Amino acid sequence: MNDRRLRDALARTRPPDEVEARERARAVARAAHEGMPARPRRRRLGVAVPVASAFTLVLVAGAVAATPPGAAVKNWVRDLVGGTQPPTPAPALSRLPSSGRLLVTGPAGAWIVHPDGSRRRLGGYTEATWSPNGLFVGAARERQLAALDPRGRVRWALSRPDLVHDPRWAPSGYRVAYRSGSDLRVVAGDGSGDRRIAARVRPVAPAWRPGRSRNELTYVDGDGRIVRRDTDSRRRLARRRSPVVPKQLQWSPSGGRLLITGERAIVLIGAAGKVQMTTRARAGTSFVDAKLSPDGRRVAVLRRSEASSRHDVLVVAAADGRARRLFTAAGPVRSLTWSPAGRLVLADWSGADQWLFLAIHPDAHTSAVAGIAGQFDPSLTRPGDIDVEGWCCR
Amino acid sequence: MLARACMSQPASLLNQVRLGSAAVTGTARRSDAALVRAAQRGHADAVEALFERHWPALHHAAFLVVHDGSAAEDIAQEAFLAALRALHRFDRRRPLRPWLHRIAVNRAIDHARARSLRREVDADLPDLAAASPVAPAELDDKLLVALAVLDVDQRAVIVLRHLLEYTPGEIAALLEIPRGTVNSRLRRALDTLARELGEEER
């Protein structure tokens, strides 16, 4: 083969979906560039102009604040942020502030966000879950459950007569649990052996118990009891009354404690059912979300004020229930997600169409990104339709 | 620089760059250095023009090295983003094209090596068959099949030499390897390709 023939052959061998790939990359590059600070032009006017501008700004700010409309603006700002100063948001997601990849769903489908801010659309799925090491994604849409690789290639898919919800990949990697209609079902990681584990379960996402050699699944049965079952033998291991009406279940990373989130209280119980920590909502508030940190020592809690649209993000010590307020926001915050190393909590502040990365570790920095909805679906006219499904892995 | 960039592009892209789309009208004739300067100052149309000019080659080269359309898209996207992020400290006296290609080809090499390791990790999940690194639909081209026989370092030098048209000396600088190593990889790769394609033709 001579050089020219080889060159022509290489030029003819084009990547698949070249045009679509280019347009996807163009959108990502555009968003990344919008989020970058511009290098300023070299100044030729010395220091007179900035000093004069700053002096003018101080004068104007003072004058505005002294007027009734100025005071109104100040009050409006205070009301918006509830006394906690939010960071200035970056206009676009150009990088994640921590390692790992985000799994996101919205009306346009499921997406993976990489640490450098690049995004890959997995397909038109409405709910999704990471496999334990982030090698695969379990995704659901209408009556279908699918396993995908992180590039969006479907490894297998199954269809059910009823709508599919809440896929959850077992820590072993060998099972995927999901709800279909009122049934709780489990399928093997290769898509085989799909079977019903329980009927008439409450619409609460099931939780796999980590750190066990067998595949133990916890769910809420039709009577509101919390049930733990070995999904392979189908043997029931425990069935207990819940101290609160559960809307979320999450096991600690060691599998030693179960976090039960209700509207009015958050309870941490031991595997034997003994209550270890309880945090009750103040009068006029309710809990929206609660997530155990990756080390299991803290709980990030989202609390809603029922009289106003105010939302508080708290961090509660799992040992003694002591709470610290991280942030207060006007408007809805949908969910909280811990970064894989537990240094940050991502608050999906849908009311402001922002993601807030709230620092937990002293070395971490709080930051924010604006215009989230439009970055995943430019056709979205209102924020709040984007869900963060998980942040994986170290 | 532009002329050289165009030499390695297929005819359709060449026309696109020459004529300019609506988005890049007025920027298509500007040099890379002028576009970089404008991009550093925050001009979105300059970034758009740089993307239009350089993305196809990045994507194409990455695809020929990793043989995976999705991975190539990710690699080219990551390379362009990495370049964008580093643009503010880019020395405009240096040519942009080799800098971009160096980022993309090195990432493609890293990806291909990591993939061979990940396959072992996949094996820890016996419920799922290990991913085929090369999708059969992408192997229609005989050349692509033959390239798959080469190791990733050989594929990279073939792509840099015969698609992107760098000299062995430039490839040595891009990959930070001795020139003699480039020449020997090229020789072995060409011998293997000739053998593979010859066997195919028999």
Side-chain angles (χ1 to χ4, degrees), chain A residues 1 3-18 20-22 24-26 28-34 36-41 94-95 114-120 131-133 135-136 147 149-153 155-156 172-176 187-193, chain B residues 8-10 23 39-44 47-48 50-52 55-56 58-60 62-64 68-74 76-78 80-82 84-85 87-89 118 121-122 124-129 131 135 137-138 141-144 147 158-159 161-163 165 190 193-194 197-198:
Chain A
M1 168 174 273
D3 286 2
R4 182 172 179 172
R5 202 179 140 210
L6 177 57
R7 191 169 61 238
D8 291 347
L10 288 169
R12 278 198 312 272
T13 309
R14 312 295 304 180
D17 303 326
E18 204 172 3
E20 294 83 356
R22 188 181 64 202
R24 283 191 292 267
R26 187 199 304 279
V28 170
R30 199 178 284 151
H33 181 251
E34 284 167 3
M36 288 174 187
R39 179 198 271 184
R41 281 173 179 273
S94 55
R95 57 179 284 275
H114 295 276
D116 64 3
S118 60
R119 278 150 268 171
R120 168 162 292 281
S131 71
N133 297 309
L135 295 175
F136 303 100
D149 68 18
R151 304 203 179 283
R153 288 179 291 217
R155 307 293 293 271
W156 53 261
S172 67
Y174 293 97
R175 302 285 181 270
V176 181
V187 61
D190 63 356
S192 67
Chain B
S8 61
Q9 310 299 339
Q40 285 172 337
R41 290 178 179 159
H43 291 284
V47 173
E48 190 84 20
L50 287 171
F51 177 87
E52 196 71 35
W55 163 266
L58 295 180
H59 189 203
H60 193 178
F63 174 67
L64 289 173
D68 179 327
S70 302
E73 183 182 338
D74 284 352
Q77 201 180 95
E78 287 163 11
F80 197 81
L81 289 183
L84 263 188
R85 271 195 294 273
L87 208 58
H88 66 282
R89 56 175 188 271
R118 262 206 311 274
V121 178
D122 280 359
D124 291 340
L125 281 175
D127 288 346
L128 288 168
E138 293 167 3
D141 195 302
K142 279 193 288 187
L143 175 70
L144 209 52
L147 278 172
I158 285 287
V159 167
R161 179 76 188 98
H162 294 282
L163 179 77
E165 299 186 324
L190 288 172
L193 283 179
L197 293 169

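Just so it is clear, the model here is predicted, and its values are computed rather than measured. So you know, we letter chains A, B, ... as the sequences are listed, proteins then strands, and number each from 1.
- When all heavy atoms of B:W55 and A:A21 are compared, the pair lying nearest together is CZ2-O, 3.9 Å.
- Between B:D68 and A:R151, some side-chain heavy-atom pair lies under the 4.5 Å cut-off.
- Proximity to chain A involves both the backbone and the side chain of B:A44, based on heavy atoms less than 4.5 angstrom apart.
- Pairing each heavy atom of A:S118 with each of B:L81, the nearest pair is CB-CD1, 3.7 Å.
- In this structure, the side chain of A:R22 does not engage the main chain of B:F51 through any donor-acceptor pair within 3.5 Å.
- Put simply, CZ on A:R12 and CG on B:L144 are 12.5 Å apart, with the number rounded to the nearest 0.5 Å.
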Decide yes or no on side chain to side chain contact (heavy atoms under 4.5 Å, CB included) for A:D116 and B:Q77, but give the supporting numbers first. CA-CA 10 Å; A:D116 64 3; B:Q77 201 180 95; 5.9 Å; no
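- Checking side-chain atoms of B:H60 against main-chain N and O of A:L10 turns up a donor-acceptor pair under 3.5 Å.
- In this structure, the side chains of A:R120 and B:D74 come closer than 4.5 Å at one or more pairs of heavy atoms.
- From A:R7, atom CZ reaches atom CZ of B:R161 across 9.0 Å, with rounding to the nearest 0.5 Å.
- Contacts of B:L147 with chain A are made by side-chain atoms alone, with heavy-atom separations under 4.5 Å and no backbone atom involved.
- Checked for salt-bridge contact, A:R26 and B:E48 meet the test: a charged N lies under 4.0 Å from a carboxylate O.
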